[in-house]
Number of protein chains: 2
Amino acid sequence: MPRRASKKVAGELPSSNPREGTAVHAKGTERVGHILDAAMDVLVQDGYAGLSLRGVAQRAGVSLGNLQYYFPTKQDVVRALLARYLEQALQRVHARVEGGGGEPAQRLRHAVDAVLEDQDSPQACQFFAELWALAARDAMVADALAVFYAGYRAGVVELLRQLCPDLTPARRERRAALLVAFFEGLSLFRGGGNLRAASVPGLEQELRVLLEQVLLPQPAL
Amino acid sequence: MPRRASKKVAGELPSSNPREGTAVHAKGTERVGHILDAAMDVLVQDGYAGLSLRGVAQRAGVSLGNLQYYFPTKQDVVRALLARYLEQALQRVHARVEGGGGEPAQRLRHAVDAVLEDQDSPQACQFFAELWALAARDAMVADALAVFYAGYRAGVVELLRQLCPDLTPARRERRAALLVAFFEGLSLFRGGGNLRAASVPGLEQELRVLLEQVLLPQPAL
DNA sequence: ACAGATATAGGTCATATGACCTAATTCTTC
DNA sequence: GAAGAATTAGGTCATATGACCTATATCTGT
């Protein structure tokens, strides 16, 4: 679709060469944040197919030129959006696992609560749905997601280590992977997800019941 | 993007008015099938953003005119593709649950095997990833998926009915929903999925171990 | 005040797309 | 062989897009 694919030829322009959302001043950094917020909105509402630089600029209340000053290309926008979001999400995951002390079982309950709460946001659910679809065609997205899920899984592994120390590390790793997959699948059908119409009331309730059954009798999870 | 949004005004053309992949002759039906195959390929490879009528026509080895003879609009293509695929998938689900007699536990194992086998296909996994993303913006897709998952869940409910008859129907329904969500989540990380790099080896193995643990001791699943 | 970072508005260009149309063939079926 | 289905090739048109460019204006820290 575009005209030139000219990839930063040797001779750069004499003037500055801004890239990748680099902002020097505070106000600029703020702008970059707003632009990414807008990109997030557009991606979630209109999907990747509907994500255009013009659309993002308009949503952000910023000129196209300004947007392209910070993000010369569409890829740059997606890249930055992804990096920002996944980084924050990862921090939240770890904050959950480490914070909120107490006995392991209680911590697991808290962690589950936190995940479910996150999934109440249609934004987050839809964002991930887009990323899953995108990952197949964009190695950068796939890599970023791989990093994110590795961190996510590591958090769950840590929880499992306290809950059932008798499991070998490898098996903990696998069980954590199963749990992460389970929660991601859940996000499809839960409150914020786009398929909540395909769901069933009382899902979360049942999940918690199941959780208690597994936690109380024997540490076999 | 398009020019006219003219929605079938009252006065139709005097000549025939083909729509929705309607084919009268056998060869035509075959063509429609090939076109939908091609659409599937393109959707999986290039995503919805890359799904163009011209692209599908080329992939199918068919002229654009011919494609539009069967499917006047892009929506028609997606609609038909969805209908065909989900219908077949649903039939397979039910075939699994009913077929392959034996004791309930054995049937569950078979069903799990079948689901995992399906997920080995990158095609299927990616197709669903696209649909999940699409569902938020296309009510038709959301509805079709809702029907599909309702059928899927019904199959699982039937299995649960035999495995643990002591559960109330409502709880069976909820547990089935949890299981379906789990399997869908699994598809993200498994062999065919686009995030297999974010996964862990031995996932399926662990899943089966967990399954046996749940099946053997007590019927508490 | 000065340099450089931010920001705006506007334009260009090649390419792509969906929807629409038509005239001319080739198959199928009866 | 005639009617109608199926198919092709080609064209038109409005709209959109990404990338690229520039001149000008404003803001910021020193």
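Lettering of chains follows the sequences in order, A, B, ..., and the numbering in each one begins at 1. Keep in mind that the numbers below use all heavy atoms, side chains included, and drop hydrogens, waters and symmetry copies. Since we're looking at a predicted model, the values are computed, not measured.
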[X] [atom1] to [N] [atom2]: how many Å, rounded?
X: Tyr69(B); N: dA19(C); atom1: OH; atom2: C1'; value: 18 Å
X: Gln75(B); N: dG18(C); atom1: CD; atom2: C1'; value: 12 Å
X: Gln68(B); N: dT17(C); atom1: CD; atom2: P; value: 13 Å
X: Leu53(A); N: dG10(C); atom1: CG; atom2: P; value: 19 Å
X: Leu64(B); N: dC20(C); atom1: CG; atom2: P; value: 12 Å
X: Gln58(B); N: dA16(C); atom1: CD; atom2: C1'; value: 13 Å
X: Tyr48(A); N: dA16(D); atom1: OH; atom2: P; value: 19 Å
X: Asn66(A); N: dT24(D); atom1: CG; atom2: C1'; value: 14 Å

**OP:** Can you tell me which residue pairs pass the side chain to side chain donor-acceptor pair (under 3.5 Å) test with a partner in residues 182-198 of chain B, sequence neighbours excluded?
**Re:** Gln119(B)-Arg190(B), Asp120(B)-Arg190(B), Gln126(B)-Asn194(B), Tyr149(B)-Glu184(B), Arg190(B)-Glu204(B)

Subject >> Which residue lies more 5' along DNA chain C, comparing Arg54(A) with Val62(A) via nearest heavy atoms >> reply: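 The answer here is Val62(A).
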
Original post:
Can you find a side chain N or O atom of Ser63(B) that sits less than 4.0 Å from OP1 or OP2 on dA9(D)?
Top reply: no

Original post:
Can a side chain N or O of Tyr70(A) be found less than 4.0 Å away from OP1 or OP2 on dA7(C)?
Top reply: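 The answer is yes; a side-chain N or O of Tyr70(A) sits under 4.0 Å from OP1 or OP2.
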
Under 3.5 Å, which donor-acceptor pairs do the side chains of residues 52-64 of chain B form with other protein atoms, sequence neighbours left out?
{"from": "Ser52(B)", "atom 1": "OG", "to": "Gly55(B)", "atom 2": "N", "distance (Å)": "3.0"}
{"from": "Arg59(B)", "atom 1": "NH2", "to": "Gln45(B)", "atom 2": "OE1", "distance (Å)": "3.3"}
{"from": "Ser63(B)", "atom 1": "OG", "to": "Asn66(B)", "atom 2": "N", "distance (Å)": "3.0"}

Subject >> Partner set under side chain to side chain contact (heavy atoms under 4.5 Å, CB included) for Asp138(B), not counting sequence neighbours >> reply: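 In terms of side chain to side chain contact (heavy atoms under 4.5 Å, CB included), with neighbours along the sequence ignored, Asp138(B) is linked to Gln75(B), Met140(B), Val141(B).
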
Subject >> With Leu178(B) via side chain to side chain contact (heavy atoms under 4.5 Å, CB included) - residues at least two apart >> reply: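 With sequence neighbours excluded, Leu178(B) shows a side chain to side chain contact (heavy atoms under 4.5 Å, CB included) to Phe182(A), Leu186(A), Leu203(A), Glu206(A), Leu207(A), Leu210(A), given in chain and number order.
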
**OP:** State which residues pass ring-ring contact (aromatic ring centres under 6.0 Å, His included) with Phe183(B); sequence neighbours excluded, sorted by chain then number.
**Re:**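 ring-ring contact (aromatic ring centres under 6.0 Å, His included) check on Phe183(B) returns nothing, list empty.
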
Subject >> Check: Val78(A) and Leu51(A) side chains under 4.5 Å, non-hydrogen atoms >> reply: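 Side-chain contact under 4.5 Å: yes.
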
Original post:
Of Leu51(A) and Gly65(A), whose nearest nucleotide on DNA chain D comes first from the 5' end?
Top reply: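 It is Leu51(A) whose nearest nucleotide is closer to the 5' end.
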
Subject >> Divergence of helical axes at both termini of the helix from dA1(C)-dT30(D) to dC30(C)-dG1(D) - five pairs an end, 10° steps >> reply: 30°

**OP:** Considering only NZ, NE, NH1 and NH2 on the basic side and carboxylate oxygens on the acidic side, decide whether Glu158(A) and Arg172(A) come within less than 4.0 Å.
**Re:**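 No.
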
